[in-house]
Amino acid sequence: MSRAAAAASSEIGAFVERRDWFDRPSVTVARDLLGMWLVHDRAQGRIAGRIVEVEAYQGPEDLAAHSARGRTARNEVMFGRPGHLYVYLIYGLHHCANVVCGPGDKPEAVLLRAAAIGPGVELARMARGDVAPTRLAAGPGNLGAAFGIDRRLNGADLVAGPVRLAAGPRPSRIARTPRVGVAYAGRWARRPLRFVIPDDPHRSRP
DNA sequence: CTTATGATTAGA
DNA sequence: CTAATCATAAGA
């Protein structure tokens, strides 16, 4: 990779500053999130990575969405204003990070499933241990671990930070597949609501 | 109170 | 293929 290309790929664009950017259906936000930067500013430094894989979870009618089983203490944030982080613990050990979307009061969200870590690689490695760079944030549990996102950040404002989103290079192509791990959701399990950059080495699976 | 299970992962 | 591991939600 040339010096110019390397510089370009590590360039973080403008942060999302308008809440209404998030106030859209999860499918729309999900597509837009691919290629964008996820940035976490911490005392130790900044961890940033480009999002390469996401899943859309639609409102109450989507049987795979947490919000389909009513409002509870856990999914409270999904029912709140768009532009916040919904973080929950899964299988007793993995933290999954979601972007709360709209439109309006509709409790939709986008699960962040994989990212290519750019600036802050060493910090991410410290948090994750010694793993291959392409696997650092591949899979929702790994992404949470790599970015240092846990339940303390549940409800965090994505406009205010410390976790924010910024413009990045748009992918030339976007692939759609069914979502992972939601076989119980009947028809909704088969819907193509997973969005991924085809053949990206940082994605969690084909 | 008890109990089943999950938007997962690593390892055999 | 399965164990790990616990917050959550649902049921008694």
Side-chain angles (χ1 to χ4, degrees), chain A residues 22 25-31 33-34 38 49 51-80 82 84-102 106-117 124-156 158 163 174-197 200-206:
Chain A
F22 299 97
S26 53
V27 168
T28 309
V29 174
R31 293 184 63 95
L33 281 173
L34 288 182
L38 176 64
I51 297 165
V52 302
E53 178 184 342
V54 297
E55 282 175 359
Y57 285 84
Q58 305 182 295
E61 74 276 15
D62 178 359
L63 297 182
H66 287 176
S67 53
R69 271 152 289 174
R71 189 170 183 156
T72 67
R74 177 177 64 159
N75 64 24
E76 178 73 26
V77 179
M78 274 187 85
F79 289 83
H84 292 263
L85 263 186
Y86 168 42
V87 185
Y88 64 90
L89 186 65
I90 189 69
Y91 297 111
L93 59 165
H94 301 296
H95 294 277
C96 295
N98 301 257
V99 173
V100 175
C101 304
K106 198 144 182 282
E108 302 201 17
V110 175
L111 171 66
L112 304 179
R113 285 192 56 92
I117 304 282
R125 275 183 175 283
M126 284 167 56
R128 276 280 278 127
D130 188 23
V131 298
T134 53
R135 300 288 87 188
L136 209 48
N142 291 336
L143 185 148
F147 278 87
I149 294 174
D150 61 28
R151 295 191 319 142
R152 287 171 298 190
L153 284 166
N154 186 40
L158 289 165
V163 178
I174 293 176
R176 298 181 67 153
T177 79
R179 293 170 293 186
V180 176
V182 296
Y184 60 85
R187 300 185 53 74
W188 286 90
R190 276 167 259 134
R191 292 218 176 182
L193 295 174
R194 171 173 174 263
F195 299 84
V196 58
I197 300 179
D200 191 293
H202 303 276
R203 74 200 191 288
S204 75
R205 52 174 82 193

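When reading the values below, keep in mind they use all heavy atoms of this one structure, side chains included, and skip hydrogens, waters and symmetry mates. Chain naming here is simple, since letters A, B, ... match the order of the sequence lines and numbering starts at 1 in each.
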| query | Do the side chains of A:Lys106 and A:Glu61 get nearer than 4.5 Å, heavy atoms only? | reply | yes

| To the nearest Å, how far apart are A:Met78 CE and B:dA7 P? | 11 Å

| field | Side chain of A:Tyr86 - closest among C:dA7, C:dA4, B:dA7 | value | B:dA7

| said: Nearest whole Å is fine: how far is C:dA9 P from A:Ile90 CD1? | reply: 11 Å

| message | To the closest 0.5 Å, what do you measure between CG (A:Leu143) and CD1 (A:Ile117)? | response | 6.5 Å

| said: Please classify the nucleic acid contact of A:Arg179 as base, sugar-phosphate, or nothing, using heavy-atom distances under 4.0 Å. | reply: nothing

| For DNA chain B, the residues among residues 60-68 of chain A that have a non-hydrogen atom under 4.0 Å from it | A:Ala64, A:His66

| request: Could you check A:Glu55, A:Arg113, A:Glu53 and say which one makes a side-chain contact (heavy atoms from CB on, under 4.5 Å) with A:Pro140? | output: A:Arg113

| request: Under a 3.5 Å limit for both distances, which nucleotide forms a Watson-Crick or G-U wobble pair with B:dA7, could you say? | output: none

| How long is the line joining CG of A:Asn98 and P of B:dT8, in whole Å? | 11 Å

| message | Does A:Arg31 qualify as a cation-pi partner of A:Phe195, given the criterion of NZ or CZ under 6.0 Å from the six-membered ring centre and within 45 degrees of its axis? | response | no

| Nearest-nucleotide 5' precedence on DNA chain C, A:His94 against A:Arg151 | A:His94

| said: Any N or O donor-acceptor pair under 3.5 Å from the base of B:dA7 to the side chain of A:Tyr88? | reply: yes

| task | Using Watson-Crick or G-U wobble geometry with both distances below 3.5 Å, tell me the partner of C:dT5, or none. | result | none

| task | Could you please name the option among C:dC6, B:dA7, B:dT9 that lies closest to any side-chain atom of A:Asn142? | result | B:dT9

| task | Scan A:Leu111 against the nucleic acid and name what it touches under 4.0 Å (heavy atoms): base, sugar-phosphate only, or nothing. | result | base

| query | Can you tell me how far P of C:dT8 sits from CD of A:Glu76, to the nearest Å? | reply | 13 Å

| field | Spacing between A:Gln58 atom CD and B:dA7 atom P, to the nearest angstrom | value | 16 Å

| task | Could you check how far CZ of A:Arg69 sits from P of B:dA4, rounded to whole Å? | result | 18 Å

| query | Any side-chain N or O of A:Arg71 under 4.0 Å from OP1/OP2 of C:dT8? | reply | no

| note | In whole angstroms, the gap separating C1' of C:dC6 from NE2 of A:His95 amounts to 11 Å

| A:Arg74 side chain near B:dT5 phosphate (N/O to OP1/OP2, under 4.0 Å) | no

| For A:His66 and A:Tyr86, which heavy atoms make the closest approach, and how far apart are they? | ND1-OH, 2.7 Å

| query | In Å, rounded to the nearest 0.5 Å, how long is the span from CZ of A:Arg74 to OG of A:Ser67? | reply | 10.5 Å

| Between A:Arg113 and B:dT8, does any side-chain N or O lie under 4.0 Å from OP1 or OP2? | yes

| said: Can you confirm whether more than 12 heavy atoms, excluding those of A:Arg205, are under 6.0 Å from its CZ atom? | reply: no

| message | I'd like to check, for A:Tyr91, whether its ring lies over the base of C:dA4 with centroids under 5.5 Å apart and a plane angle smaller than 30°. | response | no

| said: Please classify the nucleic acid contact of A:Arg191 as base, sugar-phosphate, or nothing, using heavy-atom distances under 4.0 Å. | reply: nothing

| note | Rounded to whole Å, the OH-P distance (A:Tyr184 to B:dA7) equals 4 Å

| request: Would you kindly say whether A:Asn142 and A:Arg128 are connected by a side-chain donor-acceptor distance under 3.5 Å? | output: yes

